[in-house]
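Structure record follows, encoded as structure tokens.
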Protein chains: 2
Amino acid sequence: MEQTVFNTFKKIQIEKPVDKIIKQIKTLISSGQLKPGDKLPSERKLSEHFGIGRTHVRDAIRKLEFYGILKTLPQSGTVVAGFGITALEGLITDVLDLEGNDFKSLVETRVILEQNTARFAAMRRDEKDIVSISSALAAYEKAVKEGNDTVEHDLMFHLKIAEASKNNVLKSLMLIVAPDIITFFKENDICTGTKPSKALEEHYEILEHISNREPEKAELAMYNHLKEILDTKL
Amino acid sequence: MEQTVFNTFKKIQIEKPVDKIIKQIKTLISSGQLKPGDKLPSERKLSEHFGIGRTHVRDAIRKLEFYGILKTLPQSGTVVAGFGITALEGLITDVLDLEGNDFKSLVETRVILEQNTARFAAMRRDEKDIVSISSALAAYEKAVKEGNDTVEHDLMFHLKIAEASKNNVLKSLMLIVAPDIITFFKENDICTGTKPSKALEEHYEILEHISNREPEKAELAMYNHLKEILDTKL
DNA sequence: GCCGTAAAATTGGTCAACCAGTTTATGGTA
DNA sequence: TACCATAAACTGGTTGACCAATTTTACGGC
């Protein structure tokens, strides 16, 4: 695949219809035609107003709904959150220029999330958590000794810890970040770089601290476990 | 609205078609009919196989795509991530039982995210960041002194800090958490509870530390600023 | 028998029509 | 005049058909 010449232009991409509509909705709000708490014009009206299919309008609404900016009531209408114009405009603007995730930010964020899931897990874990974390660790150990697929089992171990933290939001955020982490590690073969035996040992230490209800130690162990990744690829 | 009797059943809700299909796709993977890296059957095939409209199939695919589990190539096909069956099953399972966000988790997570955006902002801010944070703070101050809408301007201040942290992922996660925070505060009038003048003072302190490039102090100031919220409603 | 080209089938993307509830307007009645 | 039943209009939800690009297949020339 010869793409060298065109890579210069890779940043140039046609604005997706969804973002176009979101921008239009933002304009509606900015111009005061649409105030916080108002009911949005019907999807039909919007689609013909913007000269675009209703599908795209629905997509845009659902995206804004995901970020809590709109709320659609079935068979009744879609409503703008009662946030105040400042917050609404700010939020929509931020939604629009969500850039791709660079790996540095990704890892940085993962470390932060994981330090805290480990800490909370040590505070709140029950027996079931210990069991599920242990079994995930066992699967990881088996994979290490057989020499393959360590990345996924590694991540499952970490996800079980996130579950034990009893914090839905933290777990959700981990879930969002996780696949990107896996993909990158797969592509760059970092997993083979870090010694699996050492990682295994560290996993056991983390589990130990969580099991013993030692939040600070668990957090620190998690940090030490992940910190070298931070340095590896900066 | 008399609902007391029915509240007992509020947890029972019809399984959304999207989740139903996601479950089916998970089954396909579990049973080995669909392996990591494989191309998914076409949307048409899936829809008639499951006896459901193609729209729902597309919705399910897009949801799984958001979590990085599927990748769709326009006019070509949809592909399963090359994760290994363990990770795939685990991730899909977690996607399926994403529960609603309880407020305790929400605030806990917010504090964590914000401590770190403040820290990174103090390390990486440039002059433009200082300007935009300052102007957000000015708007907040004006709102405080006029006595309304503090919540949104408050949040905008925090979002500008997230931008200054130069960490895309952290900012995205803040964006996800933000609206829920606003909504809850609006509904429960917490903002009026905490003294706005004190909060304003704390905001200035945070900005000061970020401006002076003092990561630890910025992080601590942010923690102190938010910690009372943690205690307020536990 | 091999390769290149073109046509046919298949793909996700898009759209306009239809469905089942909700809301609003209407008009007749007390 | 106030009110309520009924119907008309409108809402988001869902579906099947159409589009353009891709992929596969088939055929003809070499």
Side-chain angles (χ1 to χ4, degrees), chain A residues 1-3 6 9-10 12-25 28-29 33-35 37-82, chain B residues 1-3 6 10 12-25 28 33-35 37-82:
Chain A
M1 282 227 292
E2 177 59 36
Q3 286 195 342
F6 297 104
F9 301 98
K10 71 181 173 185
I12 300 178
Q13 54 180 346
I14 46 167
E15 193 172 39
K16 281 193 173 180
V18 179
D19 290 330
K20 236 176 169 174
I21 295 182
I22 292 182
K23 198 172 284 183
Q24 297 272 15
I25 293 179
L28 283 182
I29 294 177
Q33 298 179 53
L34 203 57
K35 288 170 203 157
D38 276 4
K39 246 187 8 188
L40 218 67
S42 76
E43 297 179 354
R44 281 177 244 284
K45 294 269 178 62
L46 286 175
S47 72
E48 76 181 46
H49 185 336
F50 297 149
I52 199 88
R54 196 153 76 94
T55 309
H56 295 304
V57 174
R58 302 194 95 238
D59 287 348
I61 290 177
R62 288 180 54 181
K63 189 168 182 180
L64 290 178
E65 207 177 356
F66 174 78
Y67 288 101
I69 295 170
L70 298 179
K71 176 76 185 173
T72 126
L73 318 169
Q75 261 70 354
S76 173
T78 302
V79 162
V80 182
Chain B
M1 281 226 291
E2 179 58 36
Q3 286 195 343
F6 297 104
K10 71 182 173 185
I12 300 178
Q13 54 180 347
I14 46 167
E15 192 172 40
K16 283 193 174 180
V18 179
D19 290 331
K20 234 176 169 174
I21 295 182
I22 292 182
K23 198 172 284 184
Q24 296 272 16
I25 293 179
L28 283 182
Q33 298 180 55
L34 203 56
K35 289 171 202 157
D38 276 4
K39 244 183 14 183
L40 220 67
S42 77
E43 296 180 353
R44 282 179 242 286
K45 295 269 177 62
L46 285 175
S47 73
E48 76 179 46
H49 185 335
F50 297 148
I52 199 87
R54 194 153 78 95
T55 308
H56 295 305
V57 174
R58 302 194 95 238
D59 287 348
I61 289 177
R62 288 180 54 182
K63 188 168 181 181
L64 290 178
E65 207 177 355
F66 174 78
Y67 288 100
I69 295 170
L70 298 179
K71 176 77 185 174
T72 127
L73 317 170
Q75 261 68 358
S76 172
T78 302
V79 162
V80 182

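Given the structure is predicted, the values throughout are model-derived calculations rather than measurements. All chains are named by letter (A, B, ...) in the order of the sequence lines, taking the proteins before the strands, and each is independently numbered beginning at 1.
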Q: Rounded off to whole Å, could you give me the NZ-to-C1' distance for the A/Lys45 and D/dA9 pair?
A: 10 Å

Q) Between B/Gly68 and B/Ala81, which heavy-atom pair has the shortest distance, and what is it? A) O-CB, 3.8 Å

Q.
Among D/dT14, D/dT23, C/dT14, which nucleotide has an atom closest to any side-chain atom of B/Ser76?
A. D/dT23

Q | Considering all heavy atoms, the nearest B/Ile22-B/Ala60 contact | A | CG1-CB, 3.9 Å

Q. Looking at D/dT14, D/dT23, C/dG13, which one has an atom nearest to any side-chain atom of B/Arg58?
A. C/dG13

(Q) I need the CZ-C1' distance between B/Arg62 and C/dG13, as an integer number of Å. (A) 11 Å

Q.
Does C/dC15 have its OP1 or OP2 closer than 4.0 Å to a side-chain nitrogen or oxygen of A/His56?
A. yes

**Q.** Whole angstrom value for the distance that separates C1' of C/dG13 from CG of B/Asp59
**A.** 14 Å

Q) Looking only at heavy atoms, what is the nearest atom pair of A/Ser76 and A/Lys39, with distance? A) O-NZ, 3.8 Å

Q. Of the nucleotides D/dT14, D/dA17, D/dG13, which has the atom closest to the B/Pro17 side chain?
A. D/dT14

Q: Measure from CZ on B/Phe50 to C1' on D/dT14 and round the result to the nearest Å.
A: 18 Å

Q: Take atom CD of A/Glu65 and atom P of D/dG13, then tell me their distance rounded to the nearest Å.
A: 8 Å

Q) Applying the side chain to side chain contact (heavy atoms under 4.5 Å, CB included) test to B/Ile25, which of B/Val80, B/Leu64, B/Ile69 qualifies? A) B/Leu64

**Q.** Spacing of B/Ile52 atom CD1 relative to D/dG13 atom P, expressed in whole Å
**A.** 15 Å

Q.
Rounded to whole Å, how long is the line connecting atom CD of B/Gln75 with atom C1' of C/dG13?
A. 6 Å

(Q) Tell me the closest heavy-atom pair linking B/Thr78 and B/Thr72, and the distance in Å. (A) OG1-CB, 3.5 Å

Q: Could you check whether A/Ser47 gets within reach of a base, just the sugar-phosphate, or nothing at all, counting any heavy atom under 4.0 Å?
A: nothing

**Q.** Nucleotide D/dT11, atom C1' - distance to NZ of A/Lys39 in whole Å
**A.** 8 Å

Q) How do B/Arg44 and A/Arg44 order along DNA chain D: which one's closest nucleotide is nearer the 5' end? A) A/Arg44

Q: Scan A/Thr55 against the nucleic acid and name what it touches under 4.0 Å (heavy atoms): base, sugar-phosphate only, or nothing.
A: base

